[in-house]
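Below: one structure, written as structure tokens.
Both counts, for ligands and for their atoms, begin at 1 and track the order of listing.
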Amino acid sequence: MNTTAESTAARSFLGVLLVGIVAGVLAAVAMLVTMGILRLAFGWPTPTELIFDRLFPLLTVEFFIGSLVKAGGYTPLKLQGVYGALAGQVAVAAIGGVIYSWYLNRLEQRQRSDNVDPGIFDARGWRLIVPGVLVATALFVILLWPTLITNYHGLPPARARIIASLEMLISFSVCGFGIMLFHALMSARPAQSSAKSARGRTTGRRRFLALGIGAALSIALDGLLRRLYRIGTFAYDGRQYGGPGVQKITPIRPRDEFYQVSKNLIDPMIVRDSWRLDIVGQVENPQIYSFADIAAMPAVEQETTLLCISYGIGSGLCSNAMWKGVPLPRLLAQVKLKPNVTTVLFRAADGYYETFRFEKAMEPTTLVAYEMNGEPLLQGHGFPLRLIVPGLYGEKNPKWLTRIELLDEADARLHRRHGCGFYKQQGWGRLGDAIPTHSRFDAPQVAGDHFAQPFILGRMAELRGMAFGGDRGISKVEISTDDGETWEEAEISYPGTRISWSLWRYEWTPKEVGKSQLVVRATDGDGKLQISEYRDQVPDGATGFHHVRASVVAS
Ligand SMILES: Nc1nc2c(c(=O)[nH]1)N[C@H]1C(S)=C(S)[C@@H](COP(=O)(O)O)O[C@H]1N2
Ligand SMILES: [Mo]
């Protein structure tokens with residue numbers, strides 16, 4: 001009968017706890033390494049990303065914006081989420097380790113008899129670990145079901161769902177078997193009962209091995225996290241475009257200046273040859289397209305401006321590009337729509353989704369686009385294919401498109417219950433998705449609510465900016481230099497198109513020293529004046545004129 005301190009039978013409470021925690025933490029590191037490798041090498045979504053995407057639309061806009069402000073921006077908020085998720089997974093695995101350790105200890109107390117090493121993969125352990133892994137996987141598959149269509153290399157939704165489930169089965173298995181392995185190493189005994197010293201030496205050696213493997217895994221995890229961070233969206237925080245350098249077409253070379261917004265920690269990096277677009281739902285003839293299929297269709301080129309619903313008056317979440325792609329009505333003609341279609345739902349490789357009315361989908365300027373400014377879409381803007389929907393807020397333009405679903409009214413109603421878009425479900429854009437008319441000062445440089453440099457009395461200064469009327473065009477831009485008392489027409493220096501912005505210029509020669517409020521307002525192509533009433537961008541999109549203070553000095 002073994003009664004020595006090294007005995008695993010009847011281990012002390014503290015011993016059970018400690019061995020369990022260490023085994024759980026090391027197993028968690030092994031699991032995170034597995035997740036990181038699958039994510040980096042194959043674009044398989046991590047449960048962390050899926051949980052974020054599952055929870056995000058359920059938050060209210062106010063809560064989301066509140067947290068964002070508290071964190072100091074979208075990027076810091078995303079990072080806090082990642083740290084929380086990593087810590088959470090380690091904690092859950094540690095609890096798993098303790099349960100396993102306690103369970104084995106109880107068995108040994110009961111059986112007492114043997115002092116034979118049960119080996120690393122203790123048969124009694126399997127009975128807890130295998131059901132544990134299966135139950136955890138099943139639970140996650142059920143809870144995360146709507147987001148399982150995510151695949152960062154662009155597999156179509158049906159296959160993406162299988163892969164995402166498999167990812168969890170594999171990584172949870174690594175965690176479960178990791179707990180068994182590390183627990184066995186931490187509580188090891190020699191195979192045959194022998195001298196106390198030999199027993200102690202073997203135990204020490206096995207524990208050393210466990211910690212060595214743990215250290216190697218930690219180094220691997222650190223390297224993986226660094227690589228994932230580098231390809232992540234943390235380098236920009238909703239990149240803006242504006243200021244004196246604004247050009248007719250926002251350049252993407254040598255540097256990408258087109259504004260950028262993404263819900264993701266790491267954007268999809270789609271492998272064009274395994275990517276597919278499928279069209280399903282209320283159609284006679286569902287189709288799956290490869291990139292080559294789409295590229296072979298007759299295409300159009302069209303200049304279109306995008307603007308985010310979180311564009312603040314005078315800010316920069318807005319840019320203009322020349323897009324090339326296939327008009328959506330032309331694509332939909334190939335699948336033979338049933339007559340009862342009312343709504344179109346779009347799904348993307350990152351699990352993003354959006355809907356809009358069928359009539360909007362059938363406009364000839366609604367495109368599935370694969371080029372911007374004469375180049376393949378950049379990765380951050382939706383490579384290889386995104387939607388361009390003139391006149392609707394940016395969120396209605398899904399990037400990394402993988403599926404188009406045609407819905408009848410019953411499907412649409414069901415979908416509206418579950419939320420009709422990733423941001424929309426939070427409550428953005430409750431009053432509609434049409435972009436109201438905007439105008440802005442870009443030059444001279446604006447710093448917050450005032451021009452950065454004073455103007456000189458009697459010296460002509462050139463004011464410049466943009467005006468954007470959604471899908472209604474711009475017919476007139478006016479400037480006031482007396483806080484809206486009187487208005488003068490600006491020159492439209494670049495008219496753009498009905499679905500893109502116009503650039504304007506105005507020559508101002510200040511006639512009085514002191515402070516004055518400059519204001520810009522635009523009239524859209526239908527003759528409707530921009531809304532003057534100030535409204536913040538949260539949650540329904542901003543309205544109001546751009547006011548900028550100027551100070552005029554005597555030369
Ligand atoms: N798949 C996917 N599409 C997306 C988003 C996203 O996070 N994922 N963000 C949307 C939002 S909120 C905006 S404003 C536009 C921004 O497009 P851009 O980054 O190319 O400027 O993309 C939209 N499409
Ligand atoms: Mo947006």
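For Lys476 and Asp524, the salt-bridge test fails: no basic side-chain N is under 4.0 Å from an acidic carboxylate O. For the pair Asp442 and Arg505, the salt-bridge criterion is not met [side-chain N within less than 4.0 Å of a carboxylate O].
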Please tabulate protein-ligand N/O pairs under 3.5 Å for ligand 1, atom names and distances to 0.1 Å.
| residue | atom | partner | partner atom | Å |
| --- | --- | --- | --- | --- |
| ligand 1 | 1 (N) | Asp350 | OD1 | 2.9 |
| ligand 1 | 1 (N) | Asp350 | OD2 | 3.1 |
| ligand 1 | 1 (N) | Lys399 | O | 3.0 |
| ligand 1 | 3 (N) | Lys399 | N | 2.9 |
| ligand 1 | 7 (O) | Lys263 | N | 2.9 |
| ligand 1 | 8 (N) | Asp350 | OD2 | 2.8 |
| ligand 1 | 17 (O) | Arg386 | NH2 | 3.2 |
| ligand 1 | 19 (O) | Val261 | N | 3.1 |
| ligand 1 | 19 (O) | Lys399 | NZ | 2.5 |
| ligand 1 | 20 (O) | His381 | ND1 | 2.6 |
| ligand 1 | 20 (O) | Arg386 | NH1 | 2.7 |
| ligand 1 | 21 (O) | Tyr259 | O | 2.6 |
| ligand 1 | 24 (N) | Asn397 | O | 3.1 |

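Relative to the six-membered ring of Phe358, Lys360 misses at least one condition, a distance below 6.0 Å or an angle of at most 45° to the axis. Annotation: cation-pi geometry not satisfied between Lys263 and Phe56 (NZ/CZ under 6.0 angstrom from ring centroid, within 45° of ring axis).
Asp411 pairs by the salt bridge (Lys or Arg N to Asp or Glu O under 4.0 Å) definition with nothing, not counting sequence neighbours.
Atoms CG and CG, on Asp53 and Leu148 in that order, are 11.0 Å from each other to the nearest 0.5 Å.
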